[in-house]
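Have a look at the structure below before the remarks.
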Amino acid sequence: MSLRCSAARSLPALGLVLLLAVLPFILPGPFYIAIAHQILIYALLALSLDILVGHGGMISLAQAAFLGVPAYVYVGLSARAGLSPLPAALSALAAGTALAGLFGVLALRARGLGFLMITLALGQVVWGLAYRWVDLTGGDNGMRLSARPRPFGLDLGRPIPFYYFVSVIFLAALFFLRRFARSAFGASLRGTRDQPRRMAMLGHHVFRIRWLAFIYSGFLGSIAGVLFALSFRFISPQTMTLQQAAEVLLMVILGGPGTLAGPLIGAVIITLVKTVVSSYVARWYTVLGLIFIGVELFLPEGLVPGFARLRRRLGAALLARRRPA
Amino acid sequence: MSAQFWLIQTLNAVAMGGLLFLLAAGFSLIFGLMRVPNLAHGGFFMLGAYLGATALDENLPFWLAALAAALGVGLLGAVLERALLRRLAGNEQGQVLATLGVAFIIADLCLMTWGGNPLSLSPPAWLMRAIAIGGFFFPAYRLAVLVLAVLLAVLLVALMEKTRLGAMIRAGVDDREMAEGVGIPVSRLFTTIFFLGAALAGLGGVIGGPILSAYPGLDTDMLPLALIVVILGGIGSIGGAFVGSMIIGFIYNFGIALFPNFAYVILFLPMIAALLIKPEGLFGRVPQ
Amino acid sequence: MSAALELRGVSKRFGGLVATREISLSVMPGERHLLIGPNGAGKTTLFNLITGDLAATSGAIYLFGADVTRLSTRARVHRGLARTYQVLTLFPHETLLHNVVLALLGMERGLHGVWRPLSRRIELTERALSALTAVGLAPSAHRIVGETAYGERRRLELAMALAQEPRLLLLDEPLAGLSREERERVRSLLEKIPRSVTVVMIEHDMDAALAFAERITLLDRGAVALCGTRAEVAADPRTREVYLGV
Amino acid sequence: MKITRRNALRLSLAAPGLAALRRPARAAQPPIRLGFLTVKTGPLASGGIQMEQGLTLFLKEQGGKLAGRSVELFTEDTGGVPANALTKAQALVERDKVDAVVGPLAAFELLAIIGYTDRQKMPVLAVAAAENISQRTPSPWFLRCTSSSAQASQPMGYYAAKTLGYRKVTMIADDITYGYEQCAGFMRVFEDNGGKVIQRLWPPLNAPDYGTYIAEIRPDADAVFQAFAGANGFRFTQQYFEYGLGGRKPIIAGMTGIDDSILPQIGNIALGLLSTCFYSPALTYPSNKTFVAAMRKTYHADPGYYSAGTYVTGQVLAAALEKIGGKIEERELLMHTLRTSVVPETARGPVRFDQFGNVIGNVYIRKVERVGSWLVNVPIHTFHDVSQFWTFNQAAFLKDPVYSKTWPPTRYIEH
């Protein structure tokens, strides 16, 4: 039974791997492949935020900083200091993760709206620094990256190799998050979300659990940040605006916090509306707003859990109808 | 720094504080009483400014234009409460997402209706001048805004503390079931609160209009300010919101005058500090 | 031998309101101690002070001879403290087993891994199962808490506390709201707690509580009105005055 | 909502049937696919919408055709966000297979896409003013028909010192590169000609209020040079008058500070204000008269920096395409022709281009006057054929760092 069970659980995962593998051959052209890898990068950022939001119950508006700061570090170190890609990337990850540690120490003193506001403020401070510290960041002009690296002779400058590069990293992160969700740490983190006082009474170090959640979240978010720098080959303060932070949060809430598929679905929808639908619908901003409202009215737990509920209910209704017959 | 510098920046600070109170009072009311983090508040404010600009274009007197805009935005708020937020009671994430959705739509429809160019709102003619104070000039209108903010604060405190409506609102918020048990129409009260909060935002938009003007992006410029004021002032306290507004007015004006390099973060650093020291806000009770 | 729990002049004020006033109390290892008093006497507040959920305004708290007044809840738990709640405080969307597993995880030192699935930690599952077995919940181990009966949840509270192998156990009305049958069941579970565990209990069911307790403290308006053996307290007129008679 | 916006545009701009009748030889040619990056949502939308107005008016005027080929216009909204600008540029290049791109609006958008468009060998006819794209880090595929940031502020520096006779000036601008570059150019020329910049103020882009800054303006300044963009220029000017400074300390503005698109909103207080720009709606060139009339008729507004920018860009592109027989697909030829041709008659006057693809053309010092029922920035002085290098030696200019907050260093500001 356990064999069958785990096979059934792996089915969606296998489906995703397959889909990502064949996607470049289905999509009509390189533009859509670029959109696909962008979606994966935003989805990775959303998944990293979901550690805080979905598993930790901490609604943060600072996640865009983990897109921006590692990207700045990567571009700065490789374009200005001439560091080779790997050490530059590792430094970027370290910087992003360290920033997460700092954010955690500060933000975890507050709760509820206070937490939301302090993360908003932290994100804005980083944004403001990027804007104003012109010598280091290039101000609003930002910084450019001349070329993507060529690890093992793989030319990441071309769309399809880069897409697969991002896909593999994304899948690895997804796999990690799946383990994370089922691990002892994941269980403890959800415990602190539901009953923080009880968790302390059970001997858990609530602050440390939450702080580590920040670290993991920041680390995964930083991976998205480095990929962002490689994808767009430039970085500017606009990557860290409140708008961007809100967008990532919306991806999580839209798709369904605490699920693996939710942030991915949220990233797909929001990115597609922004990049593709906006080519055809002038009032795409209104479309996005209507999607948010519609989801909250009809599937308030988010798309993925909401549809699961609908399916269960539908299944139950079908069963009920079959029974008397 | 000369005495004149301190004087004029103090005037600037309190005038801006008054403006911020007009912005934040409605947010504080809705959040404090109903626990709804209404992220469409900036949109309400901007919509008020645009409606006011249109009303002024139709040659309505300024105060009437302000009332009309307040009424319009208030009605929108009431409708939103009935149709949308009512169904999301207690679902904080849902409220965040849904009110942001409303904010997006308001921003987009304003852009569609009024175009991208900034619109000016003319204050009443008798306030359109600068008053000479000790060797420099200060806009009369800003002083009027300050006076209005003080009046409004007094009025709101009186409404909440002294009137039957205020007593019913407080009862309904404290214990909904018990309030319903003694015959208070809680459902209508909640709509009233939302109407009032949104109308205040709309009013603020028109009153702030002659200073800020109406332009795309006014909403996102103002929303963080409303949040900061309410956080610093404490949640759900009109008096706190007033004090918070004044504090922000002073921090902003003296901050950027004395530390121009910190202009981008001047409001956020003190907020972080305040939250670290007193997470529940400087003047608020702990929200649970 | 030092006391399992000792309070020295512990007070707690909320603004102008005094919740507990200069409470001093000593509970010897292995003792069964009962806290009684009318509603609002400060019993649960006292528990919260002992666990560290609330910080005492003044006074000192000792666990097994060590001053824990400034220690976190967690540190006190790791010194052998456990409690149950009057208002059920469980993880309602998880299984009973998972609830106990969380209790066991809390006692582990060091960091929890993010890689190894919790379900593969057989030893944890087994220990949790045996804790559930001890309170008769083994058959319900895989049910979701939210779907179980109230009585079962009360026993789950107990199982979680006992799974932590505490040296000092605080029970906040473990019999509250239970049917007669369930009450008997929990009573016999309480009887079976080994003497290596010191128990402090708040309980309104006087028959059960008096049968269980050896020493009794009577709280009234946040202060200790009386403290003594079962017989002494039962005989004292003040008990009748502040509590039993009213 | 115009869901089939693209098709609608194709219908309205091009009439293939008619074209076939008139020019059978060219009818076989597929339409020119023109990409357009603009901003239609968010805070920068005002400029972006005007860009669209200018370009669509121009194409409509041409009957939807350039050099005899019908034009299919692909418009994309970047939202004013660099990452989106790049994605939209990719959409235009890879999905829509456009032959050239008009836009984007903001410097940071241009900087975000230029690496990509260069790799794709895609001609970019930008409005964005970023200095270095036409100076130290040039792009072979870049053309600008408007002005680099300092191209118009340098003449203003000269005019302020020599003609207006100002000795001490306070500068105020948005705290972004565009602001720094305009101010640096103004300061350099102003001080070279005997003036002193005694104060610089940099309000954040999202400053709620300028009262604090206005109160700080030094009393001994002869004038204030304001180089804001978009709604900020309008708000600053209005508040400046609110504080009673309007009548006593003149404002001189950069090229977007008191744009014609916002003049009606500023109202009569704007009368007499001076500004510098590559364009004025009051210019008497025939094509400008047509343009202004069309703008007034269609949009009830005068053209400003952004709409004139795309209109002139359209004229320059049209002239080049005429020269090469509409062969826009031959991009090297197109770029070469664009950069080497002299267009004697655009709405802004005659233009030609330097080796970096930046325009050489007139810069006008303008004064707000009432012309009929309209407030208009009327030219009062013309600097002819102004280059982005002003009168400086180009080689020496390029050896210096790019204009910024720290270059050139301030000489007369006390710290």
Side-chain angles (χ1 to χ4, degrees), chain A residues 53-54 57 59 61 103 105-133 237 241-243 246-247 249-250 252-254 256-257 266 282-302, chain B residues 31 35 37 39-40 43 80 83-85 87-88 90-109 111-112 217 220 223-224 227-228 230-232 235 260-281 284 286-288:
Chain A
V53 176
I59 304 183
L61 278 173
F103 277 15
V105 167
L106 296 173
L108 285 174
R109 298 179 58 108
R111 284 278 146 279
L113 186 79
F115 179 86
L116 188 80
M117 291 308 300
I118 203 165
T119 54
L120 180 151
L122 290 169
Q124 291 288 292
V125 166
V126 174
W127 169 81
L129 282 177
Y131 235 107
R132 194 83 193 206
W133 203 343
T241 53
L242 183 55
Q243 171 87 19
E247 242 169 60
L249 181 61
L250 292 174
V252 175
I253 303 180
L254 179 66
R283 302 257 73 84
W284 60 275
Y285 223 64
T286 299
V287 173
L288 209 53
L290 287 174
I291 291 176
F292 294 160
I293 294 174
V295 165
E296 277 319 318
L297 282 181
F298 303 112
L299 301 168
E301 61 273 67
Chain B
F31 187 78
R35 294 277 171 271
L39 298 186
L80 282 177
L84 181 61
L85 290 161
R87 307 186 194 192
L88 302 174
N91 173 4
E92 194 176 304
Q93 285 177 11
Q95 291 163 347
V96 166
L97 190 72
T99 54
L100 259 182
V102 172
F104 276 29
I105 294 174
I106 292 178
D108 207 33
L109 295 185
L111 187 62
M112 192 171 81
T220 43
L223 180 64
L227 291 167
I228 295 172
V230 171
I231 283 295
L232 266 190
I235 285 151
N261 277 325
F262 288 92
Y264 271 107
V265 298
I266 204 75
L267 291 180
F268 294 108
L269 289 177
M271 182 167 100
I272 293 171
L275 280 168
L276 290 181
I277 298 159
K278 278 199 80 181
E280 67 273 21
V286 188
Q288 280 302 331

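Rounding to the nearest 0.5 Å gives a distance of 8.5 Å between CZ of F262(B) and CG of L129(A). Here the straight-line distance linking atom CG of L254(A) with atom CG of L97(B) works out to 6.0 Å at 0.5 Å rounding. I228(B) contributes atom CD1, which lies 7.5 Å from atom CG of L120(A) (distance to the nearest 0.5 angstrom).
The nearest pair of heavy atoms linking L269(B) to V125(A) is CD2-CG2, 4.0 Å. Annotation for Q93(B) and P257(A): closest pair OE1-CG, 3.2 Å, computed over non-hydrogen atoms. In terms of heavy atoms, I293(A) sits closest to G101(B) at CD1-C, 4.1 Å. For I272(B) against A121(A), the heavy-atom pair with the smallest separation is CG1-CB, 3.5 Å. Listed here is the closest heavy atom pair of Y285(A) and F104(B): CD2-O, 3.5 Å. Nearest heavy atoms, L242(A) versus P224(B): CD2-CG, 4.1 Å.
Looking at W133(A), there are no atoms closer than 4.5 Å to chain B (heavy atoms on both sides), in backbone or side chain. The part of A83(B) that comes within reach of chain A is its backbone (N, CA, C, O), which places non-hydrogen atoms under 4.5 angstrom from that chain. For a residue to count as touching a neighbouring chain, one of its non-hydrogen atoms must lie under 4.5 Å from one of that chain's; by this rule L106(A) touches chain B with backbone and side chain alike. Looking at Q243(A), the atoms closer than 4.5 Å to chain B (heavy atoms on both sides) all sit in the side chain, from C-beta outward. With a threshold of 4.5 angstrom between heavy atoms, V53(A) approaches chain B through its backbone and through its side chain.
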TODO: Please report the C-alpha distance between E296(A) and N91(B) in whole Å, then the side-chain angles of each, then the deciding distance to 0.1 Å, and finally whether the side chain to side chain contact (heavy atoms under 4.5 Å, CB included) criterion is met.
DONE: CA-CA 10 Å; E296(A) 277 319 318; N91(B) 173 4; 3.6 Å; yes
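Each of L267(B), L276(B), V265(B) has some count of heavy-atom pairs under 4.5 Å with chain A, and the biggest count is that of L276(B). The choice from M271(B), E92(B), M112(B), R87(B) that makes the most heavy-atom pairs within less than 4.5 Å of chain A is M112(B). If you tally non-hydrogen atom pairs under 4.5 Å between each of T99(B), T220(B), L84(B) and chain A, the highest count goes to L84(B).
No more than 12 heavy atoms of other residues, nucleotides or ligands lie within 6.0 Å of CZ in R109(A), so this atom counts as exposed by the packing criterion.
The aromatic rings of W127(A) and Y264(B) stand perpendicular to each other, their planes meeting at an angle above 60°, with 30° marking the opposite boundary.
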